2 protein chains.
Amino acid sequence: MSELKQEALEQLKAKGIRITPQRLAIYHDLSVKRHHPTADDIYQSLKAEFPAVSTATVYNTLRYFKKEGLIREMGFGELVRFDLAEDEHYHVICETCGKIVDFHYPYLDEVEEFAAQMTGFKVMHHRLEFYGLCEDCHRKEKDRQ
Amino acid sequence: MSELKQEALEQLKAKGIRITPQRLAIYHDLSVKRHHPTADDIYQSLKAEFPAVSTATVYNTLRYFKKEGLIREMGFGELVRFDLAEDEHYHVICETCGKIVDFHYPYLDEVEEFAAQMTGFKVMHHRLEFYGLCEDCHRKEKDRQ
DNA sequence: TTAAATGCAAAGGCTTTGCAGTTGG
DNA sequence: CCAACTGCAAAGCCTTTGCATTTAA
């Protein structure tokens, strides 16, 4: 087993996740690629190693990982994508080509706190995404005019 | 026609939207109820007035309104919901019962600006939602323990 | 008048479910 | 050993599409 996969295994064990080859591969895929895959991206990638893998396994695993807090869901409206729930960060998404760029900014604790005070909710987390045009698409749009 | 519906009509006309009874009713519904309906909520509500209305009309209209900037989409992962695109505000969502509460906070212009500088994107807008427990569900959870 | 919207039905895409067989701890 | 996970197939939901008909401007 590769060193990285060994590492993924340790991380899953540490969280008390029951290990299966499929789960390990999914987690490893998410850890290494960091490309905000869709469920189908993961399914396609998994088929290389497990030709008989089923979509059910992918969806069940992703749901389970999410419940256990290992991954987060992102995506408003369009396809659901998944991201490792490690460091806090936000995403900037190009509305033309779909490119996604990670973007670090201090976690908005004060806004969460404010939300809690205004609404009486116990606020646990939030999701923030930015939308616009990436440099390439922005340039192309200007050239066209 | 009710005064409110008349008002909805003026607003649609002002935006250059072609008026149909169905569109008027959908916009009116969104204006008056402010309950962040799903497409099906709107469809159900519309059937009272137009028994023969089709889901296609609802979906097409919502897509069109969204393209024209009259409404916004909300909802991460779960069901897509719609909200009038008037005043800027954010949402706090109860993860137990699904209750949604609007919450006003200054638009995060500086964060958008920062995102633009860090990523090179032309950032046009963002979406922010808070998740947690509403007062009721929070209380019930504490009682259970 | 006519481009655009509607209703209907069918198709499509993504996700979940039931179940029998397999497996990790 | 046995609860939990897997694969497979089927079902379920939400949403979109094609087409004939109607309608707003």
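Below, read A as the first sequence line, B as the second, and so on, with proteins coming before strands; counting in each chain starts at 1. Heavy atoms only: backbone and side chains are in, while hydrogens, waters and symmetry mates are out. This is a predicted model, so every value here is computed, not measured.
- There is no side-chain donor-acceptor pair under 3.5 Å between B:Glu129 and B:Tyr90.
- The salt bridge (Lys or Arg N to Asp or Glu O under 4.0 Å) with B:Glu73 is formed by just one residue from the set B:Lys66, B:Lys67, B:Arg81, B:Arg63; it is B:Lys66.
- Nucleic acid contact class of A:Asn60 (heavy atoms, under 4.0 Å, all strands): base.
- Bracketed by its first and final contacts, the part of DNA chain D lying under 4.0 Å from non-hydrogen atoms of chain B reaches from D:dC14 to D:dA25 in 5' to 3' order.
- Using a 4.0 Å heavy-atom cutoff across all strands shown, A:Ala56 reaches at least one base atom of the nucleic acid.
- Judged by distance alone, the side chain of B:Ser45 and the main-chain N or O of B:Asp41 form no donor-acceptor pair under 3.5 Å.
- If you measure from atom CG of A:Asp40 to atom P of C:dG12, you get 17 Å, rounded to the nearest angstrom.
- Comparing B:Ile19 and B:Ala39 by the nucleotide of DNA chain D that holds the closest heavy atom to each, the one mapping nearer the 5' end is B:Ala39.
- When rounded to the nearest whole Å, the span between CZ of A:Phe50 and C1' of C:dT22 equals 14 Å.
- Here the side chain of B:Arg18 is nearest to one of C:dA3, C:dT6, C:dT15, namely C:dA3.
- Between the P atom of C:dA4 and the CZ atom of B:Arg63 lies a distance of 15 Å, rounded to the nearest Å.
- The side-chain tip of A:Arg127 points at the ring of B:Tyr131 from less than 6.0 angstrom away and within 45° of straight on.
- Considering only side-chain N and O atoms, B:Gln22 lies under 4.0 angstrom from the phosphate OP1 or OP2 of C:dG7.
- Of the two residues near DNA chain D, B:Thr20 and A:Ser54, the one whose nearest nucleotide lies more 5' is A:Ser54.
- Taking atom CD1 of residue B:Ile17 and atom P of nucleotide C:dA5, one finds them 9 Å apart after rounding to whole Å.
- To the nearest angstrom, P of C:dA4 lies 18 Å from CG of B:Leu12.
- Taking atom NZ of B:Lys67 as the reference point, atom P of C:dA5 lies 9 Å away to the nearest angstrom.
- Atom C1' of nucleotide C:dT6 and atom OH of B:Tyr43 are separated by 13 Å, given to the nearest angstrom.
- Rounded to a whole Å, the OH atom of B:Tyr64 is 15 Å from the C1' atom of C:dT6.
- Taking for each of B:Thr55 and B:Pro21 the nucleotide of DNA chain C with the nearest heavy atom, the 5'-most of the two is the partner of B:Pro21.
- Taking each heavy atom of B:Glu49 and B:Ala25 in turn, the nearest pair found is OE1-CB, 3.9 Å.
- Ring planes of B:Tyr105 and B:Phe103: tilted class, angle from 30 to 60°.
- A donor-acceptor contact closer than 3.5 angstrom is absent between the side chains of B:His89 and B:Tyr107.
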